[in-house]
Amino acid sequence: MDHFLSLADLTLDELRGLLKLAVELKEEWKAGGNHPVLKGKTLGLLFQKPSLRTRVSFEMGMIHLGGHALYLSPFEIQLGQRESVADVARVLSRYVDGIMARVFSHADILELAQYADVPIINGLSDYNHPCQGLADLLTIVEQKGWDLAGRKLTFIGDGNNVATSLLFGAALLGMDFTIAGPRGYEMPPGVWALAQRFAAVSGSHLAATYDPHEAVSSADVIYTDVWASMGQEEEAEERQRIFAPYQVNETLAAEAKPDVIVMHCLPAHRGQEITDGICDGPHSVLWDQAENRTHAQKAILVQLLAG
Ligand code: CP
Ligand code: NVA
């Protein structure tokens, strides 16, 4: 693994290896242990968009591993505006040992990876959010065990970057995946086609519907995300109207399995895609997900930067 750009780049063994390492690192940290394998290493955190979880979990992860993180704000670097993406990659490679980047266009992540001499970690693009996906799979494994065959993950809402990483992860691990959202907001056909290739090997059943009730029936996991992602703020009002039938609320969750867990990558727009009752209710694993960002990303950092 040279970079961490998409869960779709991983073999099943690599994905399971990262999850197992994340479990070990979490247990070790909970027991008060240190794992300072990145002593003397620095990770650059390059942001084009705001963040709470991604920034803090990467900074804390580097601290746990004995290294340092350097926050580079959207205003400072102005990726591709003040300086070309390729030149930013070349220059940062002379200063830091790895770069985590959150960008608008996935093409910029690919360009960073092309021109950097150090590993690139995708901290969210318009295409996918693999760090979130890995943390979410860790949370699902904690809640439902390692054998995910026949388990059903239902995503309600926009066929967006978060849905894409979840779809890849589920299809690789052999978990069933169903998405329900409004017409016009389906997952990109290329994403679906790639996931179908993984599913043909793993045995996952992948489905898409416009009916949220059909989608949550017998679900083990319900997942939702904001209706308008960062960069789509101008569409937010129109999307609120279009996505209204796709709110994850108590009525919808009651149609899933009784022990269903509800997930959201956060930040949540409470009262829109998810209700307070669900966020703060017995099915919610939202805060585990947020915590697991640190543990999952530590596994990625150890794989890419140690040694
Ligand atoms: N889930 C997530 O990536 O959160 P931030 O946007 O706060 O980093
Ligand atoms: N889909 C959301 C995820 C935020 C973590 C966005 O891209 O804004």
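Note that ligands are numbered from 1 as they come in the structure, with each ligand's atoms numbered from 1 the same way. Predicted model, so just to flag it, every value in this text is computed and none were measured. Counting from 1, the numbers follow the sequence of the chain as shown.
Counted by atom type alone, Tyr127 and Asn161 present zero donor-acceptor pairs between their side chains at under 3.5 Å. Between the side chains of Thr275 and Glu250, at least one donor-acceptor pair of N or O atoms lies under 3.5 Å. For the residue pair His68 / Glu59, no side-chain donor-acceptor distance below 3.5 Å is found, with atom types taken as modelled. Side-chain contact check for Arg102 and Gln48: no donor-acceptor pair (N or O, by modelled atom type) lies under 3.5 Å.
Within 4.0 Å of ligand 1, counting heavy atoms only, the contacting residues are Ser51, Leu52, Arg53, Thr54, Arg102, His129, Gln132, Cys265, Leu266, Arg293.
For Trp29 and His64, the distance between ring centers is under 6.0 angstrom.
Counting atoms of ligand 2 from 1 in the listed order, those under 4.0 Å from a heavy atom of Asn160 are 1 (N). Which parts of ligand 2 touch Leu266 is read off a 4.0 Å heavy-atom cut-off, strictly below it: atoms 5 (C).
Listed by first and then second residue, the salt bridge (charged side-chain N to carboxylate O under 4.0 Å, His left out) pairs that reach into residues 25-54 are Lys26-Glu142, Lys30-Glu291, sequence neighbours excluded.
The proximity of Leu124 to ligand 2, defined as any non-hydrogen pair under 4.0 Å, is limited to the side chain.
Judged by distance alone, the side chain of Asn128 and the main-chain N or O of Leu5 form a donor-acceptor pair under 3.5 Å. Distance alone, capped at 3.5 Å, is enough to place a donor-acceptor pair between the Glu76 side chain and the Ser73 backbone.
Shortest contact from atom 8 (O) of ligand 2 to any protein heavy atom: Met230 N, 2.8 Å. Of the protein's heavy atoms, Asp225 OD2, 3.6 Å lies nearest to atom 3 (C) of ligand 2. For atom 7 (O) of ligand 2, the closest non-hydrogen atom on the protein side is Asn161 ND2, 2.8 Å.
Of the inter-residue distances, the one linking Leu43 atom CG with Leu38 atom CG reads 9.0 Å to the nearest 0.5 angstrom.
Considering backbone and side-chain atoms together, Lys49 places no N or O closer than 3.5 Å to any N or O of ligand 2.
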